[in-house]
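Values in this document were obtained by computation on a predicted structure and should not be read as measured data. Order of appearance sets the numbers: ligands from 1, and atoms from 1 within every ligand.
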Amino acid sequence: MNLILLGPPGAGKGTQAQHLVETRGMIQLSTGDMLRAAKDSGTEMGRVVAEVMARGDLVTDEIVIGLIRERLQGETGGGVIFDGFPRTLAQADALEALLAEQGKTLDAVIELRVDDETLVRRIVGRAREAAAAGQPVRADDNEEAVRHRLMEYYKKTAPLIGYYHAKGLLVSVDGLGAIEEVRAAIAAVLDK
Ligand code: AMP
């Protein structure tokens, strides 16, 4: 079972992916996590990526597709959860080609729906709590960057909703409920 979790920043993709890893032995491929690791690597690529991410812009398709290609060559036994990838139609096409090369298929795309004001409140609130506890805060978790990330989502990523709907793969889940409620809604889709 290979699955995409689609949705705007702060919709809960990472939280839900983590639970699926723990309960279903799937692996989570988060391009955001991979890029944050690249950013901290001290390379020239890392420096460029850091600037792009801090603004809330998307990193180039070439870089993220390269990261996913590398990771898909490894062991993916219990299935893959794509978290934060694909984010553009070019990435979606590349993913299809990469999966086909390996004889794999995409089984479902779950869209987590959450309204904008809730997203901004969630992300900025989480950043404030982290800062108050002396924990590191992401450079792109301030209100300005979050609103820019949302605009990038609507311009470049939201077209994937129609794309996967047309392929018969899309299921939309209400992402506004408690974490357990969203978990249950996702489980219902996967166990159908
Ligand atoms: P995330 O952790 O998924 O919220 O991603 C944080 C940031 O990493 C995004 O705002 C983008 O700058 C970058 N990023 C993550 N995934 C992608 C992707 N698939 N395509 C382009 N940029 C990405």
Response to the item:
The answer for which part of Asp83 has a heavy atom under 4.0 Å from ligand 1 is neither

Worksheet item: If you round to the nearest 0.5 Å, how far is CD of Gln16 from CD1 of Ile179?
Response: 7.0 Å

Discussion item. Membership question, hydrophobic clusters at under 4.5 Å side-chain separation (ILVMFWY): are Val173 and Leu106 in the same one?
Written reply: no

Worksheet item: What do you reckon, does Arg36 put a non-hydrogen atom under 4.0 Å from ligand 1?
Response: yes

Response to the item:
Nearest non-hydrogen protein atom to atom 11 (C) of ligand 1, with distance, is Asp57 O, 3.4 Å

Discussion item. For the 3.5 Å polar cut-off, considering only N or O atoms, please tell me whether Val59 and ligand 1 meet it.
Written reply: yes

Worksheet item: Do any heavy atoms of Lys13 fall under 4.0 Å from ligand 1?
Response: no

Item to complete: Give the residue, atom name and distance (to 0.1 Å) of the protein heavy atom nearest atom 14 (N) of ligand 1.
Response: Leu35 CD1, 3.3 Å

Worksheet item: Which option, Glu152, Arg138, Lys156, owns the non-hydrogen atom nearest atom 6 (C) of ligand 1?
Response: Arg138

Item to complete: Pick, from Met53, Gln91, Arg87, Arg149, the option with the minimum heavy-atom distance to atom 1 (P) of ligand 1.
Response: Arg87

Worksheet item: In terms of hydrophobic clustering (I, L, V, M, F, W, Y; side-chain heavy atoms under 4.5 Å; direct or indirect links), are Phe85 and Tyr153 co-clustered?
Response: yes

Item to complete: To the nearest 0.5 angstrom, please state how far the CZ atom of Arg36 sits from the CG atom of Asp140.
Response: 7.0 Å

Worksheet entry | salt bridge (charged side-chain N to carboxylate O under 4.0 Å, His left out) between Glu143 and Arg149, worked out | CA-CA 10 Å; Glu143 181 160 353; Arg149 284 158 66 194; over 6 Å; no

Worksheet, complete the sentence: For Gly32, the atoms of ligand 1 under 4.0 Å from one of its heavy atoms are 2 (O), 5 (O), 15 (C), 16 (N)

Discussion item. Applying a heavy-atom cut-off of 4.0 Å, say which part of Leu58 lies close to ligand 1: side chain, backbone, both or neither.
Written reply: both

Worksheet item: So how far is it from Ile63 CD1 to Thr31 OG1, rounded to the nearest 0.5 Å?
Response: 11.5 Å

Practice prompt. Please round to the nearest 0.5 Å and tell me the distance separating atom CZ of Arg71 and atom CG of Leu98.
Written response: 14.0 Å

Worksheet item: Does any N/O atom on Gly84 come nearer than 3.5 Å to any N/O atom on ligand 1?
Response: yes

Discussion item. Going by side chain to side chain donor-acceptor pair (under 3.5 Å), Thr88 matches just one of Thr157, Asp93, Asp61. Which one?
Written reply: Asp61

